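Data first, discussion second: the structure below is written as structure tokens.
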Amino acid sequence: MKVSVDQIVDEGGGIRSFYFRPEDRRQFPPVLPGAHTLLRVTKGMMRQYSLCAPPGDRRYRLAIRLDPAGRGGSRFMHESAHVGDIFYLSYPQPDFLLDPDRPSYSFFAGGVGITPMLSFLYALQGRTCRIRLCYFVRADGAVPFEQEIRALCPQVEIFNSAQGGRASFEDLLDGSRGDAIYCCGSAPFVAGVQGAAESLGLGTIQVESFVSGVKAGYLGEPFVVDLPRSRHVLDIPSDRSMLDVLLEDGVDIDYACEAGVCRSCIVDVIEGEIIHRDQCLTEDERRTVMTPCVSRGRGRIVINSI
């Protein structure tokens, strides 16, 4: 969807809200609570962000935290995006959804992981259910979205590590027995909450994370990728992803998470053995396609190059 930046709001804590309005349609498609969208930041670079505009606002809102050590998407938006600029968004992706019929909820949010929780809080307004929010931040100044959150959820606990605010996940989760528990934040944050829930025997909790467990450094045995259309043969070394090498070769390919969860960079495989490391493909799909951001080949593979 073609969109333009309608408003930019500094939320504090290195987070800015970007409000978009449609350019190629009268109004946006409806959004389910917890849904995210893919923002095409620049050609070939896409990033996933939760949709968190209040009900009644016909714009889409994305909250983007500046990560100076990141891969460039947030830095571009913070430093180069202005009101009136044109971007492209995907249709809403409903991967982290709220069960609307539970009597009580506990939400655990770490940093910018508060964004899908905002959409949940808006969706639960007027319901006769108990809502609890545990919000972990590091903010020297204003806590992002604090006023908005407190207006939506009276039972909110904010733990600001910049001011010495800390808490035990086990202690907090012990008070959430019987609740529908949702968690979003960095990979270590999510892992910590999940581990605490498991140790207390709370069963499965609903989490959102766009980060896989694949580490930098040694990624696997080197292999070769054959691109018949361009007649290029590319060597993929043990310390680089296939996606990196394809982009360096000039292949026009979209990508977003670089973690094997968003499906943006899928390529067709014509021949060869694939070592799958994604978290998004079905078993049937894995017979013919792969995610070059994390998955690899064995020996030599042939792909249907773009």
Side-chain angles (χ1 to χ4, degrees), residues 13-15 33-36 48-50 52 63 65 67 69-70 94-124 127 129-140 143-146 148-150 152-216 257 259-262 277 279-280:
I15 296 176
H36 70 267
Q48 299 178 102
Y49 297 106
S50 295
C52 56
R65 181 181 66 86
D67 183 1
D95 295 331
F96 186 48
L97 297 181
L98 179 72
D99 183 344
D101 299 317
R102 299 296 293 269
S104 57
Y105 299 85
S106 284
F107 301 120
F108 285 76
V112 77
I114 190 62
T115 52
M117 307 310 180
L118 282 172
S119 67
F120 290 160
L121 294 176
Y122 278 117
L124 293 173
R127 305 276 184 91
C129 56
R130 184 178 71 85
I131 306 171
R132 179 192 187 199
L133 171 64
C134 298
Y135 182 23
F136 294 78
V137 297
R138 181 174 183 81
D140 294 322
V143 173
F145 307 106
E146 181 174 7
E148 188 174 351
I149 290 165
R150 292 195 183 280
L152 293 168
C153 181
Q155 192 176 350
V156 57
E157 300 167 81
I158 298 178
F159 305 96
N160 188 348
S161 61
Q163 299 176 0
R166 299 184 181 279
S168 162
F169 291 150
E170 286 83 358
D171 291 343
L172 293 173
L173 284 164
D174 196 42
S176 298
R177 293 183 182 275
D179 293 355
I181 303 172
Y182 293 79
C183 174
C184 185
S186 67
F189 177 83
V190 170
V193 175
Q194 284 182 308
E198 291 173 4
S199 69
L200 293 171
L202 297 182
T204 302
I205 66 174
Q206 301 300 313
V207 303
E208 182 174 52
S209 176
F210 297 138
V211 181
S212 75
V214 177
K215 305 297 183 183
C257 69
V261 296
C262 76
R277 293 177 176 172
Q279 302 174 39
C280 62

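Bear in mind that the values here come from a model prediction, so they are computed numbers and not experimental data. Hydrogens, waters and symmetry mates play no part in the numbers below; they use all other heavy atoms, side chains included.
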Among residues at least two apart in sequence or on other chains, which ones pass side chain to side chain donor-acceptor pair (under 3.5 Å) with S168? E170

Can you list everything that forms a side chain to side chain contact (heavy atoms under 4.5 Å, CB included) with P100? Sequence neighbours excluded, please. R127

Residue pair S106 / S176: nearest heavy atoms and the distance that separates them: OG-OG, 2.8 Å

Side-chain touch L98/L124, heavy atoms, less than 4.5 angstrom: yes

Exactly one of F108, F169, Y135 clears ring pair (Phe, Tyr, Trp, His ring centres under 6.0 Å) with F189, and that residue is F169

Which pairs count as salt bridge (Lys or Arg N to Asp or Glu O under 4.0 Å) when at least one residue sits in residues 184-200, sequence neighbours excluded? none

Would you list the pairs meeting salt bridge (Lys or Arg N to Asp or Glu O under 4.0 Å) in which at least one residue belongs to residues 171-186, sequence neighbours left out? R130-D179, D174-R177

Can you tell me how far OG1 of T204 sits from CD1 of I181, rounded to the nearest 0.5 angstrom? 10.5 Å

Side-chain heavy atoms of F120 within contact of F107, under 4.5 Å: yes

Residue pair A139 / Q163: nearest heavy atoms and the distance that separates them: O-NE2, 4.1 Å

Return the minimal non-hydrogen interatomic distance between R138 and N160, and the atom names on each side. CA-OD1, 3.6 Å

Pairwise distance CG(L173) to CG(L202) - rounded to 0.5 angstrom: 6.0 Å

Note, Y49 side chain near R65 side chain (heavy atom, < 4.5 Å): no

Distance check, rounded to the nearest 0.5 Å: L133 atom CG versus L152 atom CG? 9.5 Å

Would you say the side-chain atoms of S119 pair up with the backbone N or O of C52, donor to acceptor, closer than 3.5 Å? no

Testing the basics here: between C184 and P116, what is the closest heavy-atom pair and its distance to 0.1 Å? SG-CG, 3.8 Å

Nearest heavy-atom contact between C153 and L121 is CB-CD2, 4.0 Å

Got a sec, which residues hit side chain to side chain contact (heavy atoms under 4.5 Å, CB included) with D99, two or more places apart in sequence or on another chain? D101, R102, Y182

Measuring from atom CZ of F136 to atom SG of C183, what distance do you get when rounded to the nearest 0.5 angstrom? 9.0 Å

Evaluate the side-chain proximity of R150 to I158: yes if any heavy-atom separation is below 4.5 Å, no if none is. yes

Using side chain to side chain contact (heavy atoms under 4.5 Å, CB included) as the criterion, list what pairs up with E157, not counting sequence neighbours. R132, C134, F159, L172

